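Every value quoted in this text rests on a predicted model; they were computed, and no experiment measured them. Numbered from 1 within each chain, the chains take letters A, B, ... in sequence-line order.
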Number of protein chains: 2
Amino acid sequence: MITLTEENYIKAIYHLGNNGINSVNTNAIAEAMNTKASSVTDMVKKLSEKNYADYKKYQGVTLTDDGRRVAVNIIRKHRLWEVFLVEKLNFSWDEVHEVAEHLEHIKSDKLIDELDAFLEFPTYDPHGDPIPDKEGNFKHIEKIVLAKAEVGSTYKCVGVDDTSSHFLKYLDSNNIGLGTIITIKHKEPFDNSIKIALENSEIVVSQSVAKNLYLKKV
Amino acid sequence: MITLTEENYIKAIYHLGNNGINSVNTNAIAEAMNTKASSVTDMVKKLSEKNYADYKKYQGVTLTDDGRRVAVNIIRKHRLWEVFLVEKLNFSWDEVHEVAEHLEHIKSDKLIDELDAFLEFPTYDPHGDPIPDKEGNFKHIEKIVLAKAEVGSTYKCVGVDDTSSHFLKYLDSNNIGLGTIITIKHKEPFDNSIKIALENSEIVVSQSVAKNLYLKKV
DNA sequence: ATATATTTTTAGATTAGTCTAAAAATATTT
DNA sequence: AAATATTTTTAGACTAATCTAAAAATATAT
């Protein structure tokens with residue numbers, strides 16, 4: 001049996017280590033999980049014993065195939081619940097994350113498969129992240145970050161990197177959401193701010209916004 | 001902060017003690033929760049300290065108003081999730097309980113209020129049990145048990161006492177569900193079995209079935 | 001009312017997950 | 001390459017929830 005805490009560590013290792021492939025160091029995990037490095041050491045030992053992770057003292061940790069399977073399944077559940085919350089229960093995209101963090105740990109294959117069907121097999125969550133299917137396969141999207149978009153080109157917003165509620169609220173208040181069409185007007189080399197055109201307005205966004213908003217060419 | 005385990009103990013005390021009003025003894029709780037009496041003693045002490053329960057050594061335990069409020073809220077969540085599972089996710093009424101046991105502990109007022117609205121404010125769960133509203137008020141139904149129904153009268157099935165999957169599957173296989181209309185044909189004094197008429201058939205049910213099926217006169 | 005049985009509580013141990021502080025290993029600087 | 005700084009691990013302690021076994025209280029039977 002896998003515990004809730006173990007699941008959360010596996011998820012963190014997965015996200016921090018480029019799908020669990022790259023080695024992740026103790027401090028990074030501790031930081032991401034709001035805990036102490038010594039607790040992380042204990043837990044990665046345990047995950048290693050249970051064959052969810054490969055761990056060598058002082059060398060960081062990666063996920064095994066088993067560990068990766070667990071991680072992808074949690075991500076699938078998390079993102080499906082997010083779709084449910086936004087589409088059926090009127091949550092805004094900045095409110096979903098916290099609740100989904102809990103719902104993702106409910107263990108029932110029937111529950112999640114039926115939810116998937118009820119939502120008509122969505123392939124992206126409300127932040128534009130792909131939802132793995134039952135077998136763990138992701139759809140892949142050729143997205144680029146706004147900071148690297150070309151002046152003059154037109155794009156569709158397909159996702160965000162930072163899912164903090166501050167950032168998402170900022171986007172909302174500027175009428176930027178998933179699917180919003182924008183055109184790059186000007187890049188300011190001085191501070192790396194970017195002027196973009198929306199449907200009915202032009203706004204200037206800072207470098208930090210430009211680094212966190214994903215686009216797809218249209 | 002209230003833990004998942006504390007919530008489960010509060011729920012058990014509520015159910016065993018006629019809504020937490022009657023005193024419940026240690027062994028009964030241990031039995032209901034698949035744990036040992038000594039563990040129960042420890043926990044009821046803790047619940048008492050936290051003001052969810054009133055406990056005196058060797059005298060059993062009752063719930064405080066706070067404890068009762070917690071219990072009713074969990075029951076509300078449990079039953080709303082059951083409605084969701086049956087109505088939206090194609091669960092049958094014998095499959096819902098286990099998953100709802102987990103979903104009931106998710107803590108988010110918005111989640112549960114929106115779910116309530118999404119389901120159009122149901123007042124009964126799939127087993128015929130009333131769903132408390134936001135303020136904790138139950139609808140009450142004047143239900144009687146099949147064993148006490150009158151020969152010759154017609155009734156609607158409104159609930160079950162035993163929610164074990166064996167019993168629910170038995171009902172399913174005999175085409176008895178919530179809302180089914182039945183007429184009492186004959187009571188056999190010898191073994192307390194009862195002959196009932198359904199829409200297109202007549203069946204004889206045993207005493208144990210008759211004690212676990214709730215009816216409302218129509 | 002005394003003896004016996006049952007129930008409940010206490011005492012002490014265990015496990016999962018966490019922490020602090022010190023020790024050990026690795027990385028960086030001079 | 002030695003000295004210093006950083007990262008990681010170990011050792012030992014803590015809390016929540018549990019258990020077993022023994023002791024204490026209550027209930028039942030004779």
Side-chain angles (χ1 to χ4, degrees), chain A residues 1-14 16-17 20 22-63 66-67 70-71 74 101-102 104-107, chain B residues 1-14 16-17 20 22-63 66-67 70-71 74 101-102 104-107:
Chain A
M1 206 37 208
I2 189 164
T3 69
L4 187 144
T5 314
E6 287 166 0
E7 286 191 345
N8 282 329
Y9 272 94
I10 289 172
K11 199 175 49 151
I13 297 167
Y14 184 90
L16 291 169
N22 295 352
S23 187
V24 182
N25 54 317
T26 310
N27 264 355
I29 300 171
E31 162 100 351
M33 300 204 54
N34 263 304
T35 182
K36 295 295 146 81
S38 55
S39 307
V40 175
T41 302
D42 287 345
M43 183 51 86
V44 295
K45 276 182 185 167
K46 197 173 137 201
L47 291 177
S48 213
E49 270 163 31
K50 289 194 170 189
N51 247 293
Y52 293 119
D54 287 320
Y55 162 71
K56 281 211 201 77
K57 271 191 196 177
Y58 297 100
Q59 302 306 131
V61 63
T62 58
L63 290 182
D66 262 23
V70 169
I74 299 169
E101 286 287 293
H102 293 105
E104 72 187 7
H105 297 291
I106 305 279
K107 286 171 188 62
Chain B
M1 206 38 210
I2 190 164
T3 69
L4 187 144
T5 314
E6 287 166 359
E7 287 191 345
N8 282 329
Y9 273 94
I10 289 172
K11 199 175 48 150
I13 297 168
Y14 183 91
L16 291 169
N22 295 351
S23 188
V24 181
N25 54 316
T26 311
N27 264 356
I29 300 171
E31 162 100 352
M33 302 204 52
N34 263 304
T35 182
K36 294 294 147 83
S38 55
S39 308
V40 175
T41 303
D42 287 346
M43 181 52 86
V44 296
K45 276 183 187 168
K46 199 173 135 201
L47 292 177
S48 213
E49 268 164 34
K50 288 194 170 189
N51 247 295
Y52 293 119
D54 286 321
Y55 162 70
K56 282 212 199 76
K57 272 191 196 178
Y58 298 99
Q59 302 307 131
V61 62
T62 58
L63 291 183
D66 262 21
V70 169
I74 299 171
E101 286 286 294
H102 293 106
E104 72 187 8
H105 297 290
I106 305 279
K107 286 172 188 60

Give B/Thr41 one of three labels, base, sugar-phosphate or nothing, depending on what nucleic acid heavy atoms sit under 4.0 Å from its own. base

Assess whether atom CD of A/Glu101 is packed by more than 12 heavy atoms of other residues, nucleotides or ligands within 6.0 Å. yes

If you check every side-chain atom of A/Tyr55, which of C/dT18, D/dT9, C/dT8 has the closest atom? D/dT9

Winner on side-chain proximity to B/Thr5, out of D/dT9, D/dT18, C/dT10, is D/dT18

Shortest non-hydrogen contact from A/Ile10 to A/Leu63? O-CD1, 3.9 Å

Out of D/dA24, C/dT26, C/dT18, whichever nucleotide has its closest atom nearest the side chain of A/Gln59: C/dT26

The side chain of A/Lys36 is closest to which nucleotide in this list: D/dT18, C/dT18, C/dT20? C/dT20

Of the candidate nucleotides C/dC19, D/dT9, D/dC19, which contains the atom at the shortest distance from the side chain of A/Thr35? C/dC19

So A/Thr26, base contact, sugar-phosphate only, or nothing? Heavy-atom distance under 4.0 Å. sugar-phosphate

State whether the distance check finds a donor on one side and an acceptor on the other, under 3.5 Å, for side chain B/Ser38 versus base D/dT20. yes

Residue whose closest nucleotide on DNA chain C lies nearer the 5' end, B/Val44 versus A/Asn34: B/Val44

Among A/Val44, A/Ile2, A/Ile13, exactly one meets side-chain contact (heavy atoms from CB on, under 4.5 Å) together with A/Tyr52. Which residue is that? A/Ile2

Between A/Asp42 and B/Lys45, which is nearer to the 5' end of DNA chain C once each is assigned its nearest nucleotide? B/Lys45

Criterion side-chain contact (heavy atoms from CB on, under 4.5 Å) against A/Lys50, the qualifying member of A/Met1, A/Lys45, A/Glu6: A/Glu6

